[in-house]
Amino acid sequence: MGDADKDESMVGRMDESRIRFWFLLNGDRWVITGMLTLGLFVILVVAGTVGPSSFRSVMSNTNQVGIAFQAFIASLITGVTLVVTIGQLVLSQELGSLKSQRERMKATVEFRQDVDSLIGTIGLPDPAAFLRQLILTSKDRAEVLEDVLAENSDDELRDQVDQFVVALIENANEVEEQLEDAEFGEFNLLRTAMNYNHSWKLYGALWLRSEYDDSLDDEERNAFDELIDVLMFFGPTREHFKALYFQWELVRLIRSILITAFPALAVAIATLLYLAPTSFPGVTLGVANIIWIVSASSAISIIPFFVLTSIVLRIATIAKRTSAIGPFILHESDRGDDIDLEN
């Protein structure tokens with residue numbers, strides 16, 4: 001039999017170190033941007049200090065600094081224009097005729113009505129509370145399933161279901177607690193929803209019902225079906241909130257790049273126009289002041305690119321980890337140990 005104690009949170013299921021997990025998903029995007037900027041600055045200072053030639057003599061004999069900052073300026077203007085254009089194209093999908101908006105509204109209302117009938121009450125309007133209701137319902141129905149099967153004569157079935165239910169309840173309790181402080185628009189909500197390993201739970205419920213169908217009576221089959229129904233609603237709900245989050249993150253990306261582009265462009269232009277080989281004479285901490293200035297100007301000019309990098313890394317990782325919906329397990333690490341498929 002499997003071990004139901006496996007950590008089924010996203011960090012537990014990802015085949016990544018905690019540092020890499022923090023860098024890709026958990027870390028604040030501005031902190032990641034700052035780390036990348038500082039890293040580039042340090043590399044440039046070290047490279048300028050240990051170089052075989054004096055940096056001032058290189059500036060006097062070549063126009064490498066001017067060429068570099070000309071490229072920075074061109075890249076900033078082109079990159080900002082491109083990002084804003086792509087953002088407008090994606091956000092334009094929100095625009096549509098009254099008919100399309102009405103159909104969209106109708107589909108949303110019908111989905112909520114289906115969920116309301118499933119959980120037996122009106123679903124809460126807050127996304128975190130709505131997800132919490134679905135998770136609580138799945139936990140309640142898992143407990144009902146365990147109780148219904150308590151008198152089943154198939155020992156192996158009872159053992160399998162007991163482990164399955166224990167793992168589901170532990171995972172549900174953890175996610176339920178995290179959802180209490182989650183707010184829509186922040187990554188915390190989507191991260192918490194991803195912590196609920198619903199694809200494996202759905203597959204496990206379907207497999208157990210099919211594998212032991214001959215040992216089930218009508219009441220036990222109905223208990224399986226009710227659990228499967230609520231698990232099937234969780235997937236589309238999470239995907240809907242994920243799509244909305246991606247839109248919010250795209251807006252945040254455009255805004256962040258526009259905010260950082262102006263100072264980056266100003267620094268690049270000022271460095272190109274006013275920096276001369278004789279500027280900033282002297283040495284600080286054993287490093288020529290001109291190296292400090294050029295390195296800092298270069299790092300600041302690249303900040304919009306690092307903003308783009310940090311946000312796209314998170315979006316791409318989320319898309320990769322949630323690329324399948326329903327009982328498809330694309331990553332081996334997402335497969336739980338709470339049921340023994342070999343039996």
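For this chain, numbers begin at 1 and follow the sequence in order. Note: hydrogens, waters and symmetry copies are ignored here, and every other heavy atom, side chains too, is used. Small disclaimer: the values here were computed from a predicted structure and weren't measured.
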Taking C-beta and beyond as the side chain, do [X] and [Y] meet within less than 4.5 Å on heavy atoms?
X	Y	answer
Tyr274	Ser279	no
Pro127	Leu189	yes
Ile300	Phe72	no
Arg191	Leu25	no
Arg29	Val307	no
Phe187	Glu249	no
Ile73	Leu265	yes
Ile318	Arg314	yes

Taking a hydrophobic cluster as the set of Ile, Leu, Val, Met, Phe, Trp and Tyr residues connected by side-chain heavy atoms closer than 4.5 Å, whether directly or through intermediates, do [X] and [Y] fall within one such cluster?
X	Y	answer
Val144	Leu157	no
Ile43	Phe69	no
Phe262	Ile303	no
Leu76	Ile67	no
Leu285	Phe41	yes

Other residues, nucleotides and ligands only: do more than 12 of their heavy atoms fall within 6.0 Å of [atom1] on [X]?
X	atom1	value
Glu177	CD	no
Ile19	CD1	no
Phe111	CZ	yes
Glu151	CD	no

For a side chain to side chain contact (heavy atoms under 4.5 Å, CB included) check, start with the C-alpha distance between Thr317 and Phe23, then their side-chain angles and the critical distance, and finish with the verdict.
CA-CA 11 Å; Thr317 304; Phe23 188 82; over 6 Å; no
What residue among Thr260, Thr33, Thr309 forms side chain to side chain contact (heavy atoms under 4.5 Å, CB included) with Pro304?
Thr260
Qualifying residue for side chain to side chain contact (heavy atoms under 4.5 Å, CB included) with Thr81, from Thr85, Val84, Thr78:
Thr85
Looking at every heavy atom in both [X] and [Y], which two are closest together, and how far apart are they?
X	Y	result
Asp154	Ser215	OD2-OG, 3.0 Å
Ala142	Leu168	CB-CD2, 3.9 Å
Ala276	Ile290	O-CD1, 4.1 Å
Ala205	Phe164	N-CZ, 3.7 Å
Leu275	Ile293	CD1-CG2, 4.3 Å
Ile135	Ala172	CG2-CB, 3.5 Å

Set out, in order, the CA-CA distance, both residues' side-chain angles and the distance that settles side chain to side chain contact (heavy atoms under 4.5 Å, CB included) for Asn171 and Lys201, then state yes or no.
CA-CA 10 Å; Asn171 192 199; Lys201 302 306 179 191; 4.3 Å; yes
I'd like to know if the side chain of [X] and the backbone of [Y] have a donor-acceptor N/O pair within less than 3.5 Å.
X	Y	answer
Asn222	Asp218	no
Ser297	Val294	no
Asn152	Arg158	no
Ser117	Asp114	yes
Ser295	Trp292	no

Which one of Tyr196, Phe130, Phe241 satisfies the ring pair (Phe, Tyr, Trp, His ring centres under 6.0 Å) criterion with Phe234?
Tyr196
What verdict does the side chain to side chain contact (heavy atoms under 4.5 Å, CB included) test give for Phe306 and Leu40, after you've listed the backbone C-alpha separation in whole Å, the side-chain angles of each residue and the deciding distance to 0.1 Å?
CA-CA 10 Å; Phe306 288 150; Leu40 176 63; 4.0 Å; yes
Start with the C-alpha gap between Asp217 and Arg221, add the side-chain angles, then the distance that decides, and say whether salt bridge (charged side-chain N to carboxylate O under 4.0 Å, His left out) holds.
CA-CA 6 Å; Asp217 58 27; Arg221 292 189 185 95; over 6 Å; no
Distance, nearest 0.5 Å, that separates [atom1] of [X] from [atom2] of [Y]:
X	Y	atom1	atom2	answer
Arg20	Asn26	CZ	CG	14.5 Å
Glu226	Thr137	CD	OG1	11.0 Å
Asn173	Lys139	CG	NZ	4.0 Å
Arg252	Ile259	CZ	CD1	11.5 Å
Arg238	Leu134	CZ	CG	12.5 Å
Asn63	Gln70	CG	CD	6.5 Å

Pair Asp126 + Arg132, salt bridge at N-O below 4.0 Å:
no
Check Lys106 with Glu103, please: is the shortest side-chain N to carboxylate O separation under 4.0 Å?
no
For Asn195 and Gln178, does a side-chain donor sit closer than 3.5 Å to a side-chain acceptor?
yes
Pair Phe224, Val148 - check side chain to side chain contact (heavy atoms under 4.5 Å, CB included), show working.
CA-CA 10 Å; Phe224 266 113; Val148 168; over 6 Å; no
